[in-house]
S.K.: 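First, the structure itself, so that you have it in front of you.
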Amino acid sequence: MKHYDVVCPFCGCLCDDLEITVENNRIIGVDNGCTLGNAKFMGKERLSSPIRRNGDGWETISYEEAVGYTVDMLLEADRPLLYGWSGTHGEAQCTGVHMCELVGGIIDSTTSVCHGPSILAIQEVGHPGCTLGRVKNRADVVIYWGCNPLEAHPRHMSRYTTYADGYFLDNAFRERKVIVVDVRKTETARVADEFVRIKPGGDYAVLSALRAIVRGKGDMVPASVAGVSRSQLERMVAMCKDAKFGAVFFGLGLTMTKGKYKNIRNAIELVDELSRHTKFTITPMRGHWNVYGSNEVFTWMTGYPYAIDFCRGIAFYNPGETSAIDILARKECDACLIVGSDPGAHFPRGCAEHLADIPVVVIDPVPTMTTAFANVQIPVAVSGIDAEGTAYRMDGVPIRVKKVIEPTLPSDSEVLGDIFARMKEATGYD
Amino acid sequence: MKVTLEVKPRRKPYLPIEAEGIMPRTFFEGADGLTVYRGNKELALEEIFSVAIEGEAASVDEVAIEILGDSSRIKRIGEYMDGGRIHIAGDIGMHCGNFMSAGEIVIDGNADAWLGREMRGGAIRCHGNAGDYCGAGYRGEKRGMRGGTVEVLGDAGDFAAETLAGGTVIIHGNAGDLAGVDMKDGVLTIMGETWRACANMSGGTCYVHGTVHDMIPTFRNVGRETVGGEVFTRFAGDIANRGKGTLFIRNYKYMD
Ligand code: SF4
């Protein structure tokens with residue numbers, strides 16, 4: 001049986017044109033996906049039942065026991081951290097927020113280690129953004145800054161920019177100019193019309209120089225800024241000013257390097273400045289398929305997009321203090337629930353060491369590096385494969401991810417729903 | 001009135017204690033039933049501190065609080081303080097002196113991040129180092145510290161005096177990256193080195209007696225000027241932001 005228009009639950013592009021062939025409730029073929037998406041659909045390394053650490057090994061336990069362990073762990077903790085959420089659907093994220101409020105914990109998503117700085121910058125100066133559809137149909141200048149879509153978001157250029165047709169462009173491939181700004185010549189840089197190579201840590205200075213040039217103050221910019229000649233910066237500004245519609249996309253090369261959110265603020269202010277001459281927009285290249293969903297859900301439920309501390313009964317937000325990586329590095333939590341994320345693989349060693357010292361429950365379909373720090377792991381169905389729910393694409397468009405095979409395990413929503421129900425029962429919460 | 005609070009050993013020493021109630025006015029008005037928080041647990045003050053109160057006070061300015069022991073994880077001491085004195089014998093946790101409007105806080109050790117966040121008045125003197133965001137603003141807030149003085153005798157972390165909108169911040173050692181970023185008013189003085197000072201500044205004055213590394217390329221060099229017997233290069237900017245700030249620097253290096 002073939003399923004059409006299936007949504008890929010891997011990266012923030014959320015491509016919704018995949019064709020999945022299923023036989024005997026097993027996926028045997030994926031069409032239209034990229035290598036990353038195909039690998040996710042064809043992945044086989046699933047856990048089949050909850051496991052609990054037992055000395056040096058693991059024992060299989062029931063869902064009932066695993067849920068019971070999680071409820072006790074969260075209710076006993078003084079400062080539990082509920083982390084992850086980017087690899088699950090919006091409905092499960094909603095339950096996560098309710099649980100966090102009930103136990104008085106901290107909820108944070110992988111945002112804090114990817115595009116959290118983008119949100120901090122947006123909170124300072126706003127967001128001149130648009131949908132990917134608008135970029136596809138209108139953009140004649142596309143800037144990729146500190147990101148490498150050909151390898152990290154493999155279909156971004158073919159679906160939305162360089163290789164996509166555009167309704168308002170006669171010959172999109174020839175009319176669109178691509179500028180890549182990066183510290184090294186990436187695969188994406190090789191297909192760019194203009195590659196601007198900057199010294200590591202020089203993004204902020206280059207953005208400031210571009211802003212000054214756009215404002216007609218190029219005469220005061222030094223001859224070279226962070227490895228980029230003033231003449232190249234002037235050429236880049238000329239290309240941008242000539243554009244009918246420009247779109248900037250940026251990645252972790254901008255959010256997670258020196259200056260972090262101030263880099264993004266500077267980029268937004270450059271876009272703002274360019275919009276005095278033509279139309280320009282800016283969009284974060286979000287990585288996890290539903291990381292933006294976590295921001296949407298958390299914001300509509302708590303007023304804040306990530307790193308929310310409910311310990312005092314009200315929402316408090318201060319990334320750098322209430323973000324998972326900072327809390328773990330400073331050993332400021334005494335229990336951790338991890339949902340759909342793998343901090344064991346991505347966080348600094350100090351964070352992993354603290355995870356090893358406190359009780360940890362992981363809700364994830366597959367064994368990950370984080371499993372090594374878990375006391376209990378609860379396997380679930382994979383959203384977008386055998387569970388369905390709502391996700392948000394990198395540009396903020398909500399898309400329903402479908403299921404293509406019948407589940408043999410409960411979904412994130414079901415497991416979290418059970419945990420929440422048991423918590424309410426234990427605390428008499430109405 | 002002298003209030004002595006000595007931090008007791010805790011079973012989970014790394015979990016922060018939030019203690020915004022610890023400020024002179026609370027004790028002046030009667031601190032019976034004062035609580036602090038360890039995560040989601042509300043605890044009596046006495047569970048975390050040994051408390052001794054001597055004498056009486058006719059006004060809040062006559063209240064002096066002495067904090068002893070390991071207070072490095074005690075947050076929000078002196079938040080909204082409006083008079084009196086707090087002396088911290090060791091290190092202090094985040095958000096010390098948030099929003100304070102009057103009085104004095106003296107820290108013998110180091111201060112963690114957000115020291116004097118959005119302070120309105122009064123004085124903070126930290127004899128050790130200060131963490132990131134010393135004398136800065138809250139997330140998303142356009143105006144940070146608006147009055148008073150923060151003086152750090154050691155080094156400060158990144159983003160010192162971010163969005164400074166009034167008052168004085170003096171760092172006797174080095175300041176980290178982006179000191180004075182987005183500052184709008186007030187005076188920032190750095191006696192040592194710093195990095196990318198006053199990026200996107202729109203107003204106010206900054207003096208750097210050491211070297212500014214990775215100098216922001218969009219400040220206009222106005223020329224040499226002598227201030228207090230020292231010769232500085234005077235810059236105006238940040239031009240990228242139509243800024244009207246003033247930057248006096250002894251030495252600077254661009255990332256070219
Ligand atoms: S680009 Fe991203 S969403 Fe599209 S198929 Fe590849 S991994 Fe999946």
S.K.: Is the closest basic N to carboxylate O distance between A/Lys262 and B/Asp177 below 4.0 Å?
M.R.: no
S.K.: With side chains defined as the heavy atoms from C-beta onward, is the minimum distance between B/Asn40 and A/Pro80 less than 4.5 Å?
M.R.: yes
S.K.: Taking every heavy-atom pair that is under 4.5 Å apart, which of A/Ala205, A/Pro319, A/Ala209, A/Cys333 has the most such pairs with chain B?
M.R.: A/Pro319
S.K.: Can you tell me which portion of B/Arg242 sits under 4.5 Å from chain A's heavy atoms? Options are side chain, backbone, both or neither.
M.R.: both
S.K.: Could you measure the distance from the CZ atom of A/Arg79 to the NZ atom of B/Lys41? Nearest 0.5 Å is fine.
M.R.: 12.0 Å
S.K.: Below 4.5 Å from any heavy atom of chain B, which atoms of A/Asp326 appear? Answer side chain, backbone, both or neither.
M.R.: neither
S.K.: If I take atom CH2 from residue B/Trp114 and atom CD from residue A/Glu321, how far apart are they, to the nearest 0.5 angstrom?
M.R.: 6.0 Å
S.K.: Flag the pair B/Asn200 / A/Tyr204 as yes when at least one side-chain heavy-atom distance between them is below 4.5 Å, and no otherwise.
M.R.: yes
S.K.: Show the nearest heavy-atom pair for residues B/Ala240 and A/Ser208, with the distance to one decimal.
M.R.: CB-O, 3.6 Å
S.K.: Answer yes or no: is there a donor N or O on one side and an acceptor on the other, between the side chain of A/Asp78 and the main chain of B/Gly39, under 3.5 Å?
M.R.: no
S.K.: Apply the test side chain to side chain contact (heavy atoms under 4.5 Å, CB included) to residues B/Arg139 and A/Asn318: give CA-CA distance (whole Å), side-chain angles for both, the deciding distance (0.1 Å), then the verdict.
M.R.: CA-CA 7 Å; B/Arg139 297 297 189 190; A/Asn318 193 26; 3.4 Å; yes
S.K.: Applying side chain to side chain contact (heavy atoms under 4.5 Å, CB included) to A/Arg211 and B/Asn241, what does each step give before you reach the verdict?
M.R.: CA-CA 8 Å; A/Arg211 283 171 68 194; B/Asn241 190 28; 3.6 Å; yes
S.K.: With a 4.5 Å limit on heavy-atom distance, are the side chains of B/Asp256 and A/Val225 in contact?
M.R.: no
S.K.: Just give me the residue among A/Gly313, A/Ala223, A/Gly201 that pairs up with chain B most often, heavy atom to heavy atom, under 4.5 Å.
M.R.: A/Gly201
S.K.: Counting only heavy atoms not in B/Lys244 (residues, nucleotides, ligands), do more than 12 fall under 6.0 Å from its NZ?
M.R.: no
S.K.: Would B/Lys142 and A/Glu124 count as a salt bridge (charged side-chain N to carboxylate O under 4.0 Å, His left out) here? Give the steps.
M.R.: CA-CA 7 Å; B/Lys142 289 203 179 342; A/Glu124 288 187 2; over 6 Å; no
S.K.: Is any side-chain heavy atom of B/Ile239 closer than 4.5 Å to one of A/Arg215?
M.R.: yes
S.K.: Does OH in B/Tyr14 sit with more than 12 non-hydrogen atoms of other residues, nucleotides or ligands closer than 6.0 Å?
M.R.: no
S.K.: With a 4.5 angstrom heavy-atom cut-off, is it the side chain or the backbone of B/Asp158 that approaches chain A, or both, or neither?
M.R.: neither
S.K.: Answer with side chain, backbone, both or neither: which region of A/Val103 has an atom nearer than 4.5 Å to a non-hydrogen atom of chain B?
M.R.: backbone
S.K.: Please find the pair of heavy atoms, one from A/Gly202 and one from B/Met255, that lie closest to each other, and give the distance.
M.R.: CA-SD, 3.6 Å
S.K.: What are the two closest heavy atoms between B/Asp214 and A/Lys258, and how far apart are they?
M.R.: OD2-NZ, 2.9 Å
S.K.: Which heavy atom of A/Gly259 sits nearest to which heavy atom of B/Leu178, and what is that distance?
M.R.: CA-CD1, 3.7 Å
S.K.: Among A/Glu273, A/Arg265, A/Glu269, who wins on heavy-atom pairs under 4.5 Å with chain B?
M.R.: A/Arg265
S.K.: Counting heavy-atom pairs closer than 4.5 Å to chain A, which one of B/Phe219, B/Tyr133, B/Tyr254 comes out on top?
M.R.: B/Tyr133
S.K.: Kindly indicate whether the side chain of A/Lys217, heavy atoms from C-beta on, has any atom under 4.5 Å from the side chain of B/Thr218.
M.R.: no
S.K.: Tell me, out of B/Met215, B/Arg196, B/Glu18, who's got the most heavy-atom pairs with chain A below 4.5 Å.
M.R.: B/Arg196
S.K.: Any sub-3.5 Å donor-acceptor pair from B/Arg220's side-chain atoms to A/Met220's backbone N or O?
M.R.: no
S.K.: So, for B/Phe159 and A/Tyr261, is the gap between ring centers shorter than 6.0 Å?
M.R.: yes
S.K.: So how far is it from B/Arg38 CZ to A/Asp334 CG, rounded to the nearest 0.5 Å?
M.R.: 8.5 Å
S.K.: I need the A/Cys311 SG to B/Glu42 CD distance, nearest 0.5 Å.
M.R.: 13.0 Å
S.K.: Is A/Arg330 close to B/Asp112 at the side-chain level, that is, under 4.5 Å between some pair of heavy atoms?
M.R.: yes
S.K.: Which atoms of B/Glu162 come close to chain A, meaning under 4.5 Å heavy atom to heavy atom: side chain ones, backbone ones, both, or neither?
M.R.: side chain
